[in-house]
Amino acid sequence: MRQQALNKAMMEAVEFVHAEGWDAPPTLFALVPTELVVDQLAALDEEADSPLTLVVQELPEHILPGSDELGDYIARLAWPAEVEGVILAQEIVFMDTSGTAEASPARLFSGVLRDEDIEQTLLQIRPTEEELEAAGPFAEDDIQLRGGPNVAPAVIGALRYSLENDPQEDDLH
């Protein structure tokens with residue numbers, strides 16, 4: 001059940017970021033139980049059929065995707081207990097491990113849940129202009145994702161570390 005909840009949240013994050021378009025800054029989402037925000041969702045006339053709800057977090061504008069600064073920033077975060085997981089979406093340059101293809105712009109979606117070994121990483125390769133022209137007028141809405149184990153382990157590690165940080169402990173320093 002928990003993996004399915006993360007999978008659904010990941011797809012919602014993909015759709016949210018896709019709607020923003022390419023060349024966007026990194027986006028960080030906190031995942032909170034929908035039951036905590038169901039009143040606000042009902043007021044917005046949205047369906048509350050997902051166990052986890054995405055809450056977009058503000059990131060400093062100067063932080064670039066894939067940068068050490070982004071990793072440091074995320075590793076310093078401490079989430080309250082109500083946050084059950086986090087997802088980070090960022091644009092990167094992807095190089096296929098086979099080495100047969102050129103580097104391609106892509107979006108990397110990485111998500112983890114608290115207190116469990118549940119994680120997910122998805123990759124969306126940015127289509128070229130030629131691919132978009134050949135596919136027709138709605139080609140940009142065709143989101144193709146790849147995933148697999150051990151993709152972006154440093155990102156997953158930073159996200160997991162941020163969930164392990166104790167906010168009360170950080171307030172004491």
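The first residue in the sequence is number 1, and the count goes up from there.
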Exercise for the section: Kindly say whether Ala75 contributes a backbone atom to a donor-acceptor pair with the side chain of Asn165 at under 3.5 angstrom? Expected result: yes
Distance, nearest 0.5 Å, that separates [atom1] of [X] from [atom2] of [Y]:
{"X": "Met11", "Y": "Leu6", "atom1": "CE", "atom2": "CG", "value": "12.0 Å"}
{"X": "Ile87", "Y": "Leu28", "atom1": "CD1", "atom2": "CG", "value": "9.5 Å"}
{"X": "Glu20", "Y": "Glu15", "atom1": "CD", "atom2": "CD", "value": "13.0 Å"}
{"X": "Ile118", "Y": "Gln3", "atom1": "CD1", "atom2": "CD", "value": "5.5 Å"}
{"X": "Glu35", "Y": "Leu52", "atom1": "CD", "atom2": "CG", "value": "9.5 Å"}
{"X": "Leu88", "Y": "Gln57", "atom1": "CG", "atom2": "CD", "value": "11.5 Å"}

Any side-chain heavy atom of [X] within less than 4.5 Å of one from [Y]?
{"X": "Leu145", "Y": "Val14", "answer": "yes"}
{"X": "Ser50", "Y": "Glu12", "answer": "yes"}
{"X": "Thr121", "Y": "Val155", "answer": "no"}
{"X": "Gln90", "Y": "Phe109", "answer": "no"}
{"X": "Val83", "Y": "Leu163", "answer": "yes"}
{"X": "Leu123", "Y": "Arg107", "answer": "no"}
{"X": "Gln144", "Y": "Ile125", "answer": "no"}
{"X": "Ser67", "Y": "Tyr73", "answer": "no"}

Could you walk me through whether Ile63 and Glu61 pass the side chain to side chain contact (heavy atoms under 4.5 Å, CB included) test, one step at a time?
CA-CA 6 Å; Ile63 294 182; Glu61 291 181 19; over 6 Å; no
Closest heavy-atom contact between [X] and [Y]?
{"X": "Ser162", "Y": "Val86", "answer": "OG-CG2, 4.3 Å"}
{"X": "Ile156", "Y": "Ser110", "answer": "CD1-CB, 3.9 Å"}
{"X": "Ala158", "Y": "Gly71", "answer": "CB-O, 4.4 Å"}
{"X": "Leu108", "Y": "Ala152", "answer": "CD2-CB, 3.7 Å"}

#### Entry: Residues Trp79, Glu164; criterion side chain to side chain contact (heavy atoms under 4.5 Å, CB included); working and verdict
CA-CA 8 Å; Trp79 299 98; Glu164 294 168 358; over 6 Å; no
Q | Tyr161, OH: over 12 other non-hydrogen atoms inside 6.0 angstrom | A | no
Could you go through Arg160 and Arg114, starting from their C-alpha distance and side-chain angles, then the distance that decides it, and tell me whether this counts as side chain to side chain contact (heavy atoms under 4.5 Å, CB included)? CA-CA 7 Å; Arg160 191 163 301 290; Arg114 183 188 297 272; over 6 Å; no
For Arg2, the salt bridge (Lys or Arg N to Asp or Glu O under 4.0 Å) test, sequence neighbours excluded, returns Glu84, Glu116
ask   = Same cluster for Leu70 and Val93 if Ile/Leu/Val/Met/Phe/Trp/Tyr side chains link at under 4.5 Å?
value = no
Exercise for review: Spell out, yes or no, whether Leu64 and Trp22 are grouped together once hydrophobic residues are joined by side-chain heavy atoms under 4.5 Å, including indirect joins.
Suggested key: no
Does Phe29 form a side chain to side chain contact (heavy atoms under 4.5 Å, CB included) with Val17? I'd like the steps, not just the answer. CA-CA 11 Å; Phe29 302 93; Val17 171; 4.1 Å; yes
